[in-house]
Amino acid sequence: SSGSSGESSAVSNLAMLLAALAALAALAPLGAALTYRGGSNFSAAAGTGLRRPECTCEANNANWKRPKRTEPKCVFIDLGAADGNTFDSFLANGYGPVKNCPHGQWQAILVEANPMFTEKLQALQENLPEKVQSLAGTAAYSCETSTSFSIKAWLRDQLFH
């Protein structure tokens with residue numbers, strides 16, 4: 001193997017966290033809780049008072065305005081943008097050559113609910129104001145609500161060292 005056992009452990013821990021977050025995301029509309037039990041043990045459980053979100057989507061609205069943009073461009077949307085690491089991959093041609101975007105034009109919309117990443121995402125927007133829109137502090141969901149976030153110190157250190 002090309003990586004050290006520490007790298008392998010970090011990848012394994014990240015995969016475990018992503019699986020746990022996916023389980024929580026599936027239960028979130030039902031008032032879920034995620035509990036870390038040590039090692040690779042997480043449990044997710046629906047809370048009391050199971051209910052569907054009280055929101056609806058609006059399929060059409062006569063008040064919506066047509067976009068001013070008339071030329072095509074690439075649009076990169078990252079739901080769960082963290083610190084912009086996937087956006088960095090986009091810029092490094094990780095999803096195809098950026099130079100091949102129509103007319104060389106692109107836009108990035110970075111959505112991240114965890115306030116731990118707000119400063120980094122705002123800095124990306126400030127550095128590329130015509131290209132990057134930071135939606136830090138925003139969850140990708142159709143209803144408005146609030147929650148709190150935390151990342152275990154051991155994971156933060158492995159991901160952002």
Side-chain angles (χ1 to χ4, degrees), residues 1-4 6-29 32 34 42 44 53 55-161:
S1 130
S2 62
S4 71
E7 289 172 350
S8 176
S9 176
V11 169
S12 173
N13 288 340
L14 178 57
M16 173 186 59
L17 176 66
L18 292 175
L21 290 175
L24 180 60
L27 293 172
L34 180 70
F42 283 90
C55 64
T56 59
C57 293
E58 189 174 17
N60 293 297
N61 185 319
N63 294 321
W64 290 347
K65 295 182 171 114
R66 285 190 154 292
K68 294 177 183 175
R69 181 177 52 83
T70 59
E71 302 223 354
K73 65 179 172 181
C74 295
V75 179
F76 177 81
I77 301 172
D78 190 354
L79 303 178
D83 66 346
N85 55 339
T86 307
F87 173 62
D88 290 340
S89 294
F90 167 76
L91 290 178
N93 303 313
Y95 304 100
V98 175
K99 69 179 182 178
N100 289 350
C101 289
H103 309 287
Q105 296 298 308
W106 58 268
Q107 174 186 0
I109 301 168
L110 309 177
V111 181
E112 176 55 57
N114 189 335
M116 174 181 169
F117 301 110
T118 298
E119 189 175 315
K120 286 188 176 192
L121 294 178
Q122 289 297 330
L124 287 171
Q125 178 175 301
E126 289 169 14
N127 290 335
L128 297 164
E130 300 298 318
K131 301 278 191 183
V132 175
Q133 180 182 4
S134 168
L135 296 176
T138 303
Y141 196 69
S142 60
C143 293
E144 291 187 29
T145 189
S146 62
T147 190
S148 59
F149 289 88
S150 64
I151 294 181
K152 298 282 186 194
W154 61 266
L155 178 61
R156 182 192 64 233
D157 292 345
Q158 288 178 3
L159 293 176
F160 307 108
H161 55 280

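Keep in mind that what you see is a predicted model, and the values were worked out from it rather than measured. All heavy atoms count here, side chains included; hydrogens, waters and symmetry mates do not.
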So how far is it from Gln107 CD to Gln133 CD, rounded to the nearest 0.5 Å? 6.5 Å

Hey, what do you get for CG (Leu110) to CG (Leu135), rounding to the nearest 0.5 Å? 8.0 Å

Heavy atoms, side chains only, cut-off 4.5 Å: are Asn85 and Phe117 in contact? no

So do Thr86 and Phe76 actually touch side chain to side chain, heavy atoms under 4.5 Å? yes

Exercise: identify the closest heavy-atom pair between Val111 and Thr138: CG1-O, 3.3 Å

What pairs with [X] under side-chain contact (heavy atoms from CB on, under 4.5 Å), at least two apart in sequence or on another chain?
X      : answer
Asn93  : Pro97, Val98
Ser134 : Leu121, Gln122, Gln125, Ala136
Pro129 : none
Lys131 : Gln105, Trp106, Leu128

Side chain to side chain donor-acceptor pair (under 3.5 Å) against Glu126, all qualifying residues, sequence neighbours excluded: none

Pairs where residues 110-139 contributes a residue and the test disulfide bond (SG atoms under 2.5 Å apart) is met, not counting sequence neighbours: none

Which disulfide bond (SG atoms under 2.5 Å apart) pairs, counting each pair once, include a residue from residues 100-135, with sequence neighbours left out? Cys74-Cys101

Polar side-chain atom of Glu112 near backbone of Ala81 as donor-acceptor pair, under 3.5 Å: yes

